[in-house]
Amino acid sequence: MDKHRSARLHPYTPNDNLNNALGTIRVLGMELIEDELKPHLNTVLTNIKEKKKDAPEQVVMSGILPILALLLMSRGPLTPLTAKLVAELAKESVVRRGFVDAGLVPALLSVLTSTDQELLLHAVQAISRVSYHSSNQQELLLRRGAVSRLVAILLHFRDQEALEEVCLQALCNLSGMDVAEEVGMVRERGESLRPEESVFHGVAPHTCGFGSSVTMVHVSQWALGQYSVSIEVFHRCSSSFWNLHRSRRTVHWFPFSSFGGCSNLYNVIKYSAINASRKKSLKTCVFHTFL
């Protein structure tokens, strides 16, 4: 994620190649002339992926974001490519702030009912990035039923590792955890105590080198078509850390035995979508969703 690029527009140096592509998309996009649009969408995608100077600002100023929303909702041959472009654009804060007004949030949610795995992968990536570090976007996506659709994908495509990964990432970001893609978390499916429950856990090392954090995602079925999703984070610290800090603070711990009978102790922090914008230090995250 680009945390440092300002969300405010600044004067930019036009890129003629990109400018021509954006102009063509703006003209042809309204008529959804797909064969002629494809090379220009690829030009924009290349410029964004290669982080060409001022490319995000040019995209915003061009006014093509509503066109991209139309292309997503058309569910035509260009929809997967458009979703891929939108997912890349969602990395840029200066572009993300225009997603709501352009209609891209409902457009992205609309394609989550597709069975095209490539399309789903990019659409979920975009949703994950849009909700990253944005309580307003998180609340909007929650109100529009994003969680239920993500859970449906997670449970339907059980053997698709990449799709499972982005769905879990999106659920974590919607909860207000704001997990960066660069954190290097390794996820896997955990053991379920009940047949109606799915458990996923991921482990990410701490940058200080003193331990790691473990994220647990529980998806439980209450009744036919009715699910709850809860997310918890456990912090595991090495013995050297506790020897160093034992006299400095008091915390409450308990043993967590689901990790192969490990004797290490874990600190539980619970995250909540409801209080995500108000309580950043200690939050509880429980989603109640109806599919």
Side-chain angles (χ1 to χ4, degrees), residues 1-9 18 21-22 25 29 41-52 54-73 78-112 114 116-147 149-150 153 162-163 165-183 185 276:
M1 287 292 207
D2 184 357
K3 297 181 181 179
H4 305 292
R5 184 186 294 274
S6 171
R8 304 178 63 183
L9 293 176
L18 176 59
L22 293 169
I25 292 171
L41 290 171
N42 277 318
T43 296
V44 179
L45 178 61
T46 299
N47 276 266
I48 294 298
K49 290 184 72 172
E50 294 180 356
K51 299 188 178 299
K52 292 296 180 64
D54 298 322
E57 287 79 4
Q58 281 187 258
V59 169
V60 173
M61 296 298 292
S62 72
I64 70 160
L65 294 184
I67 303 298
L68 299 182
L70 285 176
L71 289 171
L72 285 174
M73 298 184 75
L78 288 181
T79 301
L81 175 58
T82 304
K84 186 176 183 179
L85 172 57
V86 171
E88 286 297 322
L89 290 170
K91 293 179 178 180
E92 303 290 343
S93 60
V94 72
V95 185
R96 284 198 304 272
R97 66 191 297 242
F99 271 32
V100 174
D101 290 340
L104 276 168
V105 170
L108 286 167
L109 291 174
S110 73
V111 303
L112 295 186
S114 173
D116 184 327
Q117 293 181 33
E118 180 188 2
L119 172 58
L120 290 174
L121 180 68
H122 297 310
V124 175
Q125 277 181 329
I127 289 170
S128 179
R129 292 164 181 169
V130 164
S131 56
Y132 181 75
H133 271 308
S134 175
S135 58
N136 290 336
Q137 298 283 33
Q138 290 161 12
E139 292 174 7
L140 174 61
L141 285 160
L142 290 172
R143 289 199 305 269
R144 289 181 175 269
V147 172
R149 302 188 190 195
L150 291 170
I153 295 169
L163 198 50
E165 170 72 21
V166 295
C167 282
L168 293 171
Q169 179 87 20
L171 287 170
C172 288
N173 284 341
L174 282 172
S175 77
M177 286 174 57
D178 298 327
V179 179
E181 295 177 14
E182 300 83 4
V183 75
M185 183 174 293

Backbone N/O of [Y] and side chain of [X]: donor-acceptor pair under 3.5 Å:
X: Ser110; Y: Ala107; value: yes
X: Arg96; Y: Val130; value: no
X: Ser131; Y: Ser128; value: yes
X: Gln138; Y: Asn173; value: yes

Quick check for you: to the nearest 0.5 Å, what is the distance between [X] atom [atom1] and [Y] atom [atom2]?
X: Ile64; Y: Leu22; atom1: CD1; atom2: CG; value: 5.0 Å
X: Gln125; Y: Leu163; atom1: CD; atom2: CG; value: 9.5 Å
X: Lys91; Y: Arg129; atom1: NZ; atom2: CZ; value: 4.5 Å
X: Leu174; Y: Gln169; atom1: CG; atom2: CD; value: 10.5 Å
X: His122; Y: Asp116; atom1: NE2; atom2: CG; value: 9.0 Å
X: Ile25; Y: Thr43; atom1: CD1; atom2: OG1; value: 7.5 Å

Considering all heavy atoms, the nearest [X]-[Y] contact:
X: Leu68; Y: Thr82; result: O-CG2, 3.5 Å
X: Leu85; Y: Leu41; result: CD2-CD2, 3.9 Å
X: Ala69; Y: Gly103; result: CB-O, 3.7 Å
X: Ser114; Y: Leu120; result: O-CD1, 3.3 Å
X: Ala87; Y: Ala126; result: CA-CB, 3.8 Å
X: Asn47; Y: Ala55; result: O-CB, 4.1 Å

Flag side-chain contact, heavy atom, 4.5 Å: [X] against [Y]:
X: Val100; Y: Gln137; answer: yes
X: Leu18; Y: Lys52; answer: no
X: Ile48; Y: Val95; answer: no
X: Leu65; Y: Asp101; answer: no
X: Leu112; Y: Ile127; answer: yes
X: Leu141; Y: Leu109; answer: yes

Decide side-chain contact (heavy atoms from CB on, under 4.5 Å) for Lys51 and Glu92; before the verdict, give the C-alpha distance in whole Å, the side-chain angles of both, and the deciding distance to 0.1 Å. CA-CA 10 Å; Lys51 299 188 178 299; Glu92 303 290 343; 3.9 Å; yes
